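What follows is a set of notes on a single structure, which appears directly below.
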Amino acid sequence: MEKNSKPNEPLVTHIYTADPSAHVFAGKLYIYPSHDLDHDEPSNDNGDQYKMEDYHVLSMDDVNSPVVDHGEALHVKDVPWASKQMWAPDAAYKNNTYYLFFPARDKDGIFRIGVATSPNPAGPFTPEENYIPGSFSIDPAVLVDEDSKAYVYFGGLWGGQLEKWQTGTFVPEAEGPAPDAPALGPRVAELSDDMLTFKSEPKEISIVDEDGNPILASDEDRRYFEGPWVHKYNGLYYLSYSTGTTHKIVYAVSENPQGPFVFKGTILTPVIGWTTHHSIVEFNDKWYLFYHDCELSDGVNHKRSVKYTELKYNEDGTIQTIDPYGD
Ligand code: FUB
(Lines give C-alpha, C1' and ligand atoms only; values in the text may rest on other atoms or scores of the structure.)
Protein backbone atom coordinates (compact mmCIF):
# COMPACT_ATOMS: atom_id res chain seq x y z
CA MET A 1 0.00 0.00 0.00
CA GLU A 2 1.41 3.38 -1.02
CA LYS A 3 0.75 6.88 0.31
CA ASN A 4 -2.24 8.86 -0.95
CA SER A 5 -1.88 9.78 -4.60
CA LYS A 6 -1.43 13.38 -5.74
CA PRO A 7 -1.54 15.01 -9.19
CA ASN A 8 1.76 15.06 -11.10
CA GLU A 9 3.51 12.73 -8.65
CA PRO A 10 4.41 9.08 -9.27
CA LEU A 11 1.48 6.80 -8.46
CA VAL A 12 3.93 4.27 -7.06
CA THR A 13 7.65 4.42 -6.32
CA HIS A 14 8.46 0.79 -5.39
CA ILE A 15 8.50 -0.19 -9.08
CA TYR A 16 8.89 1.76 -12.33
CA THR A 17 5.68 1.97 -14.36
CA ALA A 18 4.84 3.44 -17.77
CA ASP A 19 2.25 3.57 -20.57
CA PRO A 20 -0.80 3.84 -18.27
CA SER A 21 -4.21 2.75 -19.55
CA ALA A 22 -6.78 3.95 -17.01
CA HIS A 23 -10.35 2.67 -16.76
CA VAL A 24 -13.22 2.83 -14.31
CA PHE A 25 -14.33 -0.70 -13.50
CA ALA A 26 -16.85 -1.47 -10.73
CA GLY A 27 -16.67 2.13 -9.49
CA LYS A 28 -12.88 2.19 -9.01
CA LEU A 29 -9.99 3.47 -11.08
CA TYR A 30 -7.82 0.70 -12.47
CA ILE A 31 -4.52 1.49 -14.16
CA TYR A 32 -2.87 -0.98 -16.54
CA PRO A 33 0.76 0.14 -16.99
CA SER A 34 3.90 -1.38 -18.41
CA HIS A 35 6.30 -2.51 -15.68
CA ASP A 36 9.72 -1.03 -16.48
CA LEU A 37 12.75 -3.02 -15.34
CA ASP A 38 15.43 -1.34 -13.23
CA HIS A 39 18.52 -2.19 -15.34
CA ASP A 40 21.45 -0.12 -16.59
CA GLU A 41 21.98 -1.57 -20.05
CA PRO A 42 22.46 0.73 -23.05
CA SER A 43 19.58 2.23 -25.09
CA ASN A 44 18.95 2.27 -28.84
CA ASP A 45 16.28 3.47 -31.32
CA ASN A 46 14.94 -0.08 -31.57
CA GLY A 47 13.78 0.13 -27.95
CA ASP A 48 15.79 -2.89 -26.76
CA GLN A 49 16.10 -1.19 -23.35
CA TYR A 50 12.34 -1.65 -22.88
CA LYS A 51 12.71 -5.29 -21.89
CA MET A 52 9.66 -5.61 -19.68
CA GLU A 53 8.61 -9.11 -18.58
CA ASP A 54 5.31 -8.75 -16.74
CA TYR A 55 2.36 -6.57 -15.82
CA HIS A 56 1.13 -5.26 -12.47
CA VAL A 57 -2.35 -3.73 -12.19
CA LEU A 58 -2.79 -0.67 -9.96
CA SER A 59 -6.07 0.60 -8.49
CA MET A 60 -7.35 3.60 -6.58
CA ASP A 61 -10.72 4.13 -4.88
CA ASP A 62 -10.44 7.80 -5.77
CA VAL A 63 -7.75 10.10 -7.18
CA ASN A 64 -6.69 11.07 -3.65
CA SER A 65 -6.63 7.53 -2.29
CA PRO A 66 -3.68 5.22 -1.71
CA VAL A 67 -2.68 3.24 -4.76
CA VAL A 68 -2.87 -0.53 -4.51
CA ASP A 69 -0.41 -2.66 -6.48
CA HIS A 70 -2.23 -5.96 -7.08
CA GLY A 71 1.01 -7.80 -7.87
CA GLU A 72 1.94 -9.74 -10.95
CA ALA A 73 -1.07 -10.08 -13.26
CA LEU A 74 0.65 -11.79 -16.20
CA HIS A 75 4.25 -12.83 -16.94
CA VAL A 76 5.81 -13.43 -20.35
CA LYS A 77 6.85 -16.95 -19.32
CA ASP A 78 3.15 -17.86 -19.13
CA VAL A 79 2.33 -16.59 -22.64
CA PRO A 80 2.88 -19.53 -25.02
CA TRP A 81 3.47 -17.43 -28.18
CA ALA A 82 5.56 -14.58 -26.70
CA SER A 83 9.35 -14.32 -26.31
CA LYS A 84 10.00 -10.87 -24.76
CA GLN A 85 9.12 -7.19 -24.38
CA MET A 86 5.69 -6.94 -22.77
CA TRP A 87 5.00 -3.36 -23.86
CA ALA A 88 2.05 -0.99 -23.36
CA PRO A 89 -1.15 -2.89 -22.47
CA ASP A 90 -4.81 -1.96 -22.24
CA ALA A 91 -7.86 -3.58 -20.66
CA ALA A 92 -11.56 -3.80 -21.49
CA TYR A 93 -14.70 -5.19 -19.89
CA LYS A 94 -17.37 -7.09 -21.80
CA ASN A 95 -19.20 -10.42 -21.49
CA ASN A 96 -18.71 -10.30 -17.67
CA THR A 97 -15.00 -10.71 -18.35
CA TYR A 98 -11.94 -8.46 -18.12
CA TYR A 99 -9.66 -8.60 -21.13
CA LEU A 100 -6.00 -7.59 -21.04
CA PHE A 101 -4.63 -6.69 -24.48
CA PHE A 102 -0.86 -6.60 -24.73
CA PRO A 103 1.92 -6.51 -27.32
CA ALA A 104 5.02 -8.68 -27.17
CA ARG A 105 7.54 -10.08 -29.60
CA ASP A 106 6.68 -13.54 -30.89
CA LYS A 107 9.31 -16.28 -31.20
CA ASP A 108 10.46 -14.74 -34.52
CA GLY A 109 10.99 -11.32 -32.95
CA ILE A 110 7.88 -9.81 -34.57
CA PHE A 111 5.58 -7.73 -32.38
CA ARG A 112 2.07 -9.20 -32.12
CA ILE A 113 -0.92 -8.42 -29.92
CA GLY A 114 -2.30 -10.95 -27.47
CA VAL A 115 -5.30 -11.22 -25.18
CA ALA A 116 -5.61 -12.62 -21.67
CA THR A 117 -8.78 -12.90 -19.61
CA SER A 118 -9.86 -12.75 -15.98
CA PRO A 119 -13.06 -12.54 -13.95
CA ASN A 120 -11.28 -9.86 -11.87
CA PRO A 121 -10.13 -6.43 -13.13
CA ALA A 122 -6.85 -6.85 -11.22
CA GLY A 123 -6.18 -10.30 -12.69
CA PRO A 124 -4.37 -12.64 -12.67
CA PHE A 125 -5.02 -12.98 -16.39
CA THR A 126 -4.99 -16.21 -18.38
CA PRO A 127 -3.48 -15.75 -21.84
CA GLU A 128 -4.83 -17.24 -25.04
CA GLU A 129 -2.62 -19.89 -26.69
CA ASN A 130 -1.82 -17.69 -29.69
CA TYR A 131 -1.71 -13.99 -30.51
CA ILE A 132 -4.71 -12.40 -32.26
CA PRO A 133 -4.54 -13.72 -35.83
CA GLY A 134 -3.62 -10.85 -38.19
CA SER A 135 -2.29 -8.66 -35.37
CA PHE A 136 1.03 -6.82 -35.54
CA SER A 137 2.96 -3.90 -34.03
CA ILE A 138 2.35 -2.44 -30.55
CA ASP A 139 0.29 -0.29 -28.17
CA PRO A 140 -3.23 -1.77 -28.32
CA ALA A 141 -5.97 0.51 -26.96
CA VAL A 142 -9.54 -0.74 -26.83
CA LEU A 143 -12.74 1.29 -26.99
CA VAL A 144 -16.00 -0.48 -26.10
CA ASP A 145 -18.54 1.85 -27.66
CA GLU A 146 -22.01 2.66 -26.35
CA ASP A 147 -23.52 0.22 -28.89
CA SER A 148 -21.22 -2.52 -27.41
CA LYS A 149 -19.07 -2.70 -30.53
CA ALA A 150 -15.42 -2.91 -29.52
CA TYR A 151 -12.49 -1.50 -31.49
CA VAL A 152 -8.78 -2.00 -30.96
CA TYR A 153 -6.41 0.76 -32.08
CA PHE A 154 -2.71 -0.03 -32.37
CA GLY A 155 0.63 0.66 -34.06
CA GLY A 156 3.96 2.29 -33.39
CA LEU A 157 6.94 3.33 -35.50
CA TRP A 158 10.62 2.30 -35.14
CA GLY A 159 10.88 -0.35 -32.36
CA GLY A 160 7.12 -0.85 -32.76
CA GLN A 161 7.67 -2.04 -36.37
CA LEU A 162 4.61 -0.33 -37.93
CA GLU A 163 6.55 0.85 -41.01
CA LYS A 164 7.51 -2.77 -41.75
CA TRP A 165 3.85 -3.66 -42.46
CA GLN A 166 3.12 -1.16 -45.28
CA THR A 167 2.61 -3.94 -47.83
CA GLY A 168 0.43 -6.04 -45.51
CA THR A 169 3.26 -8.47 -44.75
CA PHE A 170 6.33 -8.03 -42.55
CA VAL A 171 9.26 -6.57 -44.52
CA PRO A 172 12.21 -6.36 -42.07
CA GLU A 173 14.16 -3.75 -44.07
CA ALA A 174 11.18 -1.45 -44.84
CA GLU A 175 11.47 2.19 -43.81
CA GLY A 176 8.81 4.86 -43.27
CA PRO A 177 7.17 6.87 -46.06
CA ALA A 178 9.01 9.71 -47.87
CA PRO A 179 8.87 13.06 -46.02
CA ASP A 180 6.31 14.55 -48.47
CA ALA A 181 4.06 11.44 -48.39
CA PRO A 182 1.16 11.01 -45.95
CA ALA A 183 2.35 9.77 -42.56
CA LEU A 184 1.47 6.24 -41.53
CA GLY A 185 -1.70 6.13 -39.45
CA PRO A 186 -2.53 3.89 -36.52
CA ARG A 187 -4.54 0.80 -37.32
CA VAL A 188 -8.05 -0.02 -36.14
CA ALA A 189 -9.90 -3.33 -36.14
CA GLU A 190 -13.34 -4.12 -34.82
CA LEU A 191 -13.16 -6.97 -32.33
CA SER A 192 -15.32 -10.08 -32.51
CA ASP A 193 -18.09 -10.40 -29.93
CA ASP A 194 -15.89 -12.66 -27.80
CA MET A 195 -13.10 -10.01 -27.98
CA LEU A 196 -10.53 -12.62 -29.00
CA THR A 197 -10.19 -12.03 -32.76
CA PHE A 198 -10.50 -9.25 -35.34
CA LYS A 199 -13.85 -9.14 -37.20
CA SER A 200 -12.00 -8.06 -40.33
CA GLU A 201 -8.54 -6.97 -41.44
CA PRO A 202 -7.17 -3.91 -39.61
CA LYS A 203 -7.63 -0.61 -41.47
CA GLU A 204 -5.26 2.35 -41.51
CA ILE A 205 -6.72 5.46 -39.86
CA SER A 206 -6.39 8.71 -41.77
CA ILE A 207 -5.44 11.83 -39.79
CA VAL A 208 -6.02 15.07 -41.74
CA ASP A 209 -5.63 18.79 -41.12
CA GLU A 210 -8.57 21.26 -40.90
CA ASP A 211 -8.60 21.46 -44.76
CA GLY A 212 -8.85 17.68 -45.15
CA ASN A 213 -5.22 17.22 -46.29
CA PRO A 214 -3.38 14.21 -44.82
CA ILE A 215 -0.77 14.99 -42.19
CA LEU A 216 2.59 14.35 -43.89
CA ALA A 217 5.42 12.13 -42.67
CA SER A 218 7.74 15.17 -42.31
CA ASP A 219 5.25 16.96 -40.02
CA GLU A 220 6.74 15.54 -36.83
CA ASP A 221 4.79 17.95 -34.59
CA ARG A 222 1.52 16.37 -35.73
CA ARG A 223 2.13 13.01 -37.33
CA TYR A 224 1.23 9.75 -35.61
CA PHE A 225 4.13 7.89 -33.93
CA GLU A 226 2.71 5.51 -31.27
CA GLY A 227 0.45 5.19 -28.23
CA PRO A 228 -3.10 5.64 -29.60
CA TRP A 229 -6.01 6.24 -27.22
CA VAL A 230 -9.64 6.83 -28.19
CA HIS A 231 -12.25 8.28 -25.86
CA LYS A 232 -15.67 9.78 -26.42
CA TYR A 233 -16.76 13.26 -25.36
CA ASN A 234 -20.10 14.82 -26.29
CA GLY A 235 -20.69 12.14 -28.94
CA LEU A 236 -17.37 12.71 -30.74
CA TYR A 237 -14.42 10.34 -30.90
CA TYR A 238 -11.09 11.79 -29.75
CA LEU A 239 -7.97 9.99 -31.00
CA SER A 240 -4.90 11.04 -29.02
CA TYR A 241 -1.35 9.80 -29.56
CA SER A 242 2.37 10.43 -29.16
CA THR A 243 4.32 12.30 -31.84
CA GLY A 244 7.46 10.34 -30.82
CA THR A 245 10.41 12.40 -32.03
CA THR A 246 8.78 15.70 -30.92
CA HIS A 247 7.60 14.17 -27.64
CA LYS A 248 4.04 15.53 -27.53
CA ILE A 249 0.64 14.02 -26.86
CA VAL A 250 -1.67 15.46 -29.52
CA TYR A 251 -5.25 14.72 -30.62
CA ALA A 252 -7.64 14.62 -33.54
CA VAL A 253 -11.44 14.32 -33.61
CA SER A 254 -14.01 12.39 -35.67
CA GLU A 255 -17.70 11.54 -35.76
CA ASN A 256 -16.72 7.96 -36.65
CA PRO A 257 -14.66 5.59 -34.47
CA GLN A 258 -12.70 4.55 -37.55
CA GLY A 259 -12.03 8.11 -38.76
CA PRO A 260 -10.93 10.07 -40.67
CA PHE A 261 -9.81 12.18 -37.71
CA VAL A 262 -9.21 15.94 -37.97
CA PHE A 263 -6.10 17.18 -36.15
CA LYS A 264 -6.88 19.63 -33.31
CA GLY A 265 -3.87 20.32 -31.09
CA THR A 266 -1.59 19.40 -28.21
CA ILE A 267 -2.80 17.81 -24.97
CA LEU A 268 0.54 17.32 -23.18
CA THR A 269 3.83 19.14 -23.77
CA PRO A 270 7.03 17.05 -23.57
CA VAL A 271 7.78 15.22 -20.35
CA ILE A 272 11.18 14.30 -18.89
CA GLY A 273 12.32 11.27 -20.90
CA TRP A 274 12.12 10.27 -24.58
CA THR A 275 8.78 8.49 -24.63
CA THR A 276 5.41 9.96 -23.78
CA HIS A 277 2.31 7.79 -23.46
CA HIS A 278 -1.06 8.46 -21.90
CA SER A 279 -4.71 7.62 -21.43
CA ILE A 280 -7.81 9.72 -20.76
CA VAL A 281 -10.63 8.70 -18.45
CA GLU A 282 -13.74 10.23 -16.90
CA PHE A 283 -14.16 9.54 -13.19
CA ASN A 284 -16.70 11.10 -10.80
CA ASP A 285 -17.60 13.86 -13.31
CA LYS A 286 -14.03 14.96 -13.92
CA TRP A 287 -11.62 14.02 -16.69
CA TYR A 288 -8.08 12.82 -16.03
CA LEU A 289 -4.95 12.38 -18.10
CA PHE A 290 -2.70 9.53 -17.00
CA TYR A 291 0.85 9.82 -18.35
CA HIS A 292 4.42 8.92 -17.46
CA ASP A 293 7.77 10.62 -17.14
CA CYS A 294 11.32 9.86 -15.97
CA GLU A 295 11.61 12.44 -13.18
CA LEU A 296 11.96 9.81 -10.43
CA SER A 297 14.88 8.10 -12.22
CA ASP A 298 16.57 11.43 -13.08
CA GLY A 299 15.81 11.06 -16.76
CA VAL A 300 16.60 7.39 -17.47
CA ASN A 301 14.34 6.75 -20.49
CA HIS A 302 13.43 3.17 -19.61
CA LYS A 303 12.73 3.87 -15.90
CA ARG A 304 9.44 5.70 -16.01
CA SER A 305 6.71 6.52 -13.48
CA VAL A 306 2.98 6.86 -14.05
CA LYS A 307 1.33 10.09 -12.92
CA TYR A 308 -2.04 11.73 -13.44
CA THR A 309 -3.43 15.23 -13.76
CA GLU A 310 -6.84 16.74 -14.43
CA LEU A 311 -7.78 17.35 -18.08
CA LYS A 312 -10.14 20.19 -19.04
CA TYR A 313 -12.18 20.95 -22.15
CA ASN A 314 -13.02 24.34 -23.57
CA GLU A 315 -16.67 25.20 -24.39
CA ASP A 316 -16.07 24.23 -28.05
CA GLY A 317 -14.89 20.73 -27.08
CA THR A 318 -11.18 21.40 -27.62
CA ILE A 319 -8.80 20.21 -24.90
CA GLN A 320 -6.69 22.61 -22.85
CA THR A 321 -2.96 21.99 -23.27
CA ILE A 322 -1.26 20.62 -20.15
CA ASP A 323 2.30 21.52 -19.12
CA PRO A 324 3.10 18.80 -16.56
CA TYR A 325 5.69 21.01 -14.83
CA GLY A 326 3.68 24.26 -14.93
CA ASP A 327 1.82 25.65 -11.94
O1 FUB B 1 6.96 1.01 -23.14
C2 FUB B 1 7.49 0.62 -24.38
C3 FUB B 1 7.06 1.58 -25.44
O4 FUB B 1 7.49 2.89 -25.12
C5 FUB B 1 5.57 1.72 -25.61
O6 FUB B 1 4.99 0.64 -26.26
C7 FUB B 1 5.54 3.01 -26.34
O8 FUB B 1 4.27 3.58 -26.44
C9 FUB B 1 6.52 3.82 -25.55
O10 FUB B 1 5.92 4.39 -24.41
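Keep in mind it's a predicted model, so treat the numbers as computed, not measured.
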Q: Evaluate the criterion ring-ring contact (aromatic ring centres under 6.0 Å, His included) for residue pair Trp229 and Tyr241; output intermediate values, then yes/no.
A: CA-CA 6 Å; Trp229 184 261; Tyr241 55 91; over 10 Å; no
Q | Aromatic plane relationship, His23 with Phe25 - under 30° parallel, 30 to 60° tilted, over 60° perpendicular | A | parallel
Q | Close side-chain approach of Trp287 and Ile319, heavy atoms under 4.5 Å | A | no
Q. Where do His35 and Tyr55 land on the ring-ring contact (aromatic ring centres under 6.0 Å, His included) test, with the steps shown first?
A. CA-CA 6 Å; His35 174 195; Tyr55 297 112; 9.1 Å; no
Q | Donor-acceptor side-chain pairing of Asn314 and Gln320 below 3.5 angstrom | A | yes
Q. Salt bridge check: are Lys248 and Asp221 linked by an N-O gap of less than 4.0 Å?
A. yes
(Q) side chain to side chain contact (heavy atoms under 4.5 Å, CB included), that's the test. Do Phe290 and Ile31 meet it? Break it down for me. (A) CA-CA 9 Å; Phe290 282 77; Ile31 299 103; 3.8 Å; yes
Q: Using distance alone, with no hydrogens and no angle criterion, decide if Arg222 and Thr243 have a side-chain donor and acceptor under 3.5 Å apart.
A: no
(Q) Within the structure provided, determine whether Met52 and Asp54 are in side-chain contact (heavy-atom separation under 4.5 Å). (A) no
Q) Do other residues, nucleotides or ligands put more than 12 heavy atoms under 6.0 Å from Asp316 CG? A) yes
Q: Consider only side-chain N and O atoms of Tyr237 and Asp145, and report whether a donor and an acceptor are under 3.5 Å apart.
A: yes
Q | Test: Glu53 and Lys77 ion pair at under 4.0 Å | A | no
Q) Is there a path of hydrophobic side-chain contacts, each under 4.5 Å between heavy atoms of I, L, V, M, F, W or Y residues, that connects Leu239 with Val188? A) yes
Q: Check whether any side-chain heavy atom of Thr275 lies under 4.5 Å from a side-chain heavy atom of Asn301, and answer yes or no.
A: no
Q. Closest approach of Ala88 and His277, non-hydrogen atoms and distance?
A. CB-CE1, 3.4 Å
**Q.** Minimum side-chain heavy-atom gap Tyr50-Arg304 below 4.5 Å
**A.** yes
(Q) Looking at every non-hydrogen atom in both residues, tell me the closest pair between Val271 and Pro324 and how far apart they are. (A) CG1-CG, 3.9 Å
Q. Side-chain contact, heavy-atom cut-off 4.5 Å: Gln161 with Arg112?
A. no
Q: Measure the acute angle between the ring planes of Trp274 and His247, then classify it against the limits of 30° and 60° as parallel, tilted or perpendicular.
A: perpendicular
Q) Can you tell if the side chain of Leu11 reaches within under 4.5 Å of the side chain of Met60, non-hydrogen atoms only? A) yes
Q | Tyr99 side chain near Val142 side chain, heavy-atom distance below 4.5 Å | A | no
Q. Can you tell which of Trp87, Phe136, Trp158 makes a ring-ring contact (aromatic ring centres under 6.0 Å, His included) with Phe111?
A. Trp87
Q: Among Ile207, Ile267, Val230, find the residue that satisfies the side chain to side chain contact (heavy atoms under 4.5 Å, CB included) test when tested with Tyr251.
A: Ile267
(Q) My understanding is that only residues two or more places apart in sequence, or in another chain, count here; which of them pass salt bridge (charged side-chain N to carboxylate O under 4.0 Å, His left out) with Lys312? (A) none
Q. Among side-chain atoms of Tyr308 and Asn8, is any donor-acceptor pair under 3.5 angstrom?
A. no
Q. Is there a chain of hydrophobic side chains (I, L, V, M, F, W, Y, each step under 4.5 Å between heavy atoms) that links Tyr16 to Val12?
A. no
Q) Can you tell me if NZ on Lys232 sees more than 12 non-hydrogen neighbours from other groups inside 6.0 Å? A) yes
Q | same_hphob_cluster(Leu162, Val152) at 4.5 Å side-chain heavy-atom cutoff | A | yes
Q) Taking the inter-plane angle between the rings of Tyr233 and Tyr238 on a 0 to 90° scale, is it parallel (under 30°), tilted (30 to 60°) or perpendicular (over 60°)? A) perpendicular
Q: Determine, step by step, whether Thr197 and Ser192 satisfy the side chain to side chain donor-acceptor pair (under 3.5 Å) criterion, reporting the C-alpha distance in whole Å, the side-chain angles of both residues, the deciding distance to 0.1 Å, and the verdict.
A: CA-CA 5 Å; Thr197 59; Ser192 54; 2.9 Å; yes
Q) Hey, are His302 and Asp36 close enough side-chain-wise for a donor-acceptor pair under 3.5 Å? A) no
Q. Without hydrogens or angle criteria, can the side chains of Arg223 and Thr245 be said to hold a donor-acceptor pair below 3.5 Å?
A. yes
Q: Report yes if some heavy atom in the side chain of Ser240 is under 4.5 Å from a heavy atom in the side chain of His278; otherwise report no.
A: yes
Q) Which pairs pass side-chain hydrogen bond (donor to acceptor under 3.5 Å, both in side chains) with one or both residues in residues 169-182, sequence neighbours excluded? A) Thr167-Thr169
(Q) Please find the pair of heavy atoms, one from Gly273 and one from Cys294, that lie closest to each other, and give the distance. (A) CA-SG, 3.7 Å
Q. Can you find a side-chain donor-acceptor pair between His292 and Ser34 that sits under 3.5 Å?
A. no
Q. Is the closest side-chain donor-acceptor distance between Asp48 and Asn46 under 3.5 Å?
A. yes
Q: Run through Asp40, Ile15, Thr17 and flag the one making a side chain to side chain contact (heavy atoms under 4.5 Å, CB included) with Lys303.
A: Asp40
(Q) If only side-chain N and O atoms count, and only distance matters, is there a donor-acceptor pair under 3.5 Å linking Lys203 with Gln258? (A) yes
(Q) Checking Asp19 against Tyr32 for the side chain to side chain donor-acceptor pair (under 3.5 Å) test, could you report, in this order, the C-alpha distance in whole Å, the side-chain angles of both residues, the deciding distance, and whether it holds? (A) CA-CA 8 Å; Asp19 308 326; Tyr32 300 83; over 6 Å; no
Q.
I need the Leu58 CG to Leu29 CG distance, nearest 0.5 Å.
A. 11.0 Å
(Q) Could you check whether atom CD of Glu282 has more than 12 heavy atoms from other residues, nucleotides or ligands sitting under 6.0 Å from it? (A) yes
(Q) When you compare the side chains of Thr321 and Thr266, does any donor N or O come within less than 3.5 Å of an acceptor on the partner? (A) no
**Q.** Nearest heavy-atom neighbours spanning Ala104 and Met86
**A.** CB-SD, 3.9 Å
Q. Same hydrophobic cluster for Leu216 and Val208, using side-chain heavy-atom links shorter than 4.5 Å among ILVMFWY?
A. no
**Q.** CD/Glu41: more than 12 non-hydrogen atoms of other groups inside 6.0 Å
**A.** yes
Q. So, for Gly134 and Pro202, which heavy atoms are closest and what is the spacing to 0.1 Å?
A. O-CG, 4.0 Å
Q: May I ask you to check whether over 12 heavy atoms, not counting those of Lys199, lie within 6.0 Å of atom NZ?
A: yes
Q. What heavy-atom pair brings Ala217 and Ala178 nearest, and what distance separates the two atoms?
A. CB-O, 3.5 Å
**Q.** Any donor-acceptor N or O pair under 3.5 Å, side chains Ser118, Asn120
**A.** no
Q. Quick one: do Ile280 and Ile249 end up in the same hydrophobic cluster if we chain Ile, Leu, Val, Met, Phe, Trp and Tyr together by side-chain heavy atoms under 4.5 Å apart?
A. yes
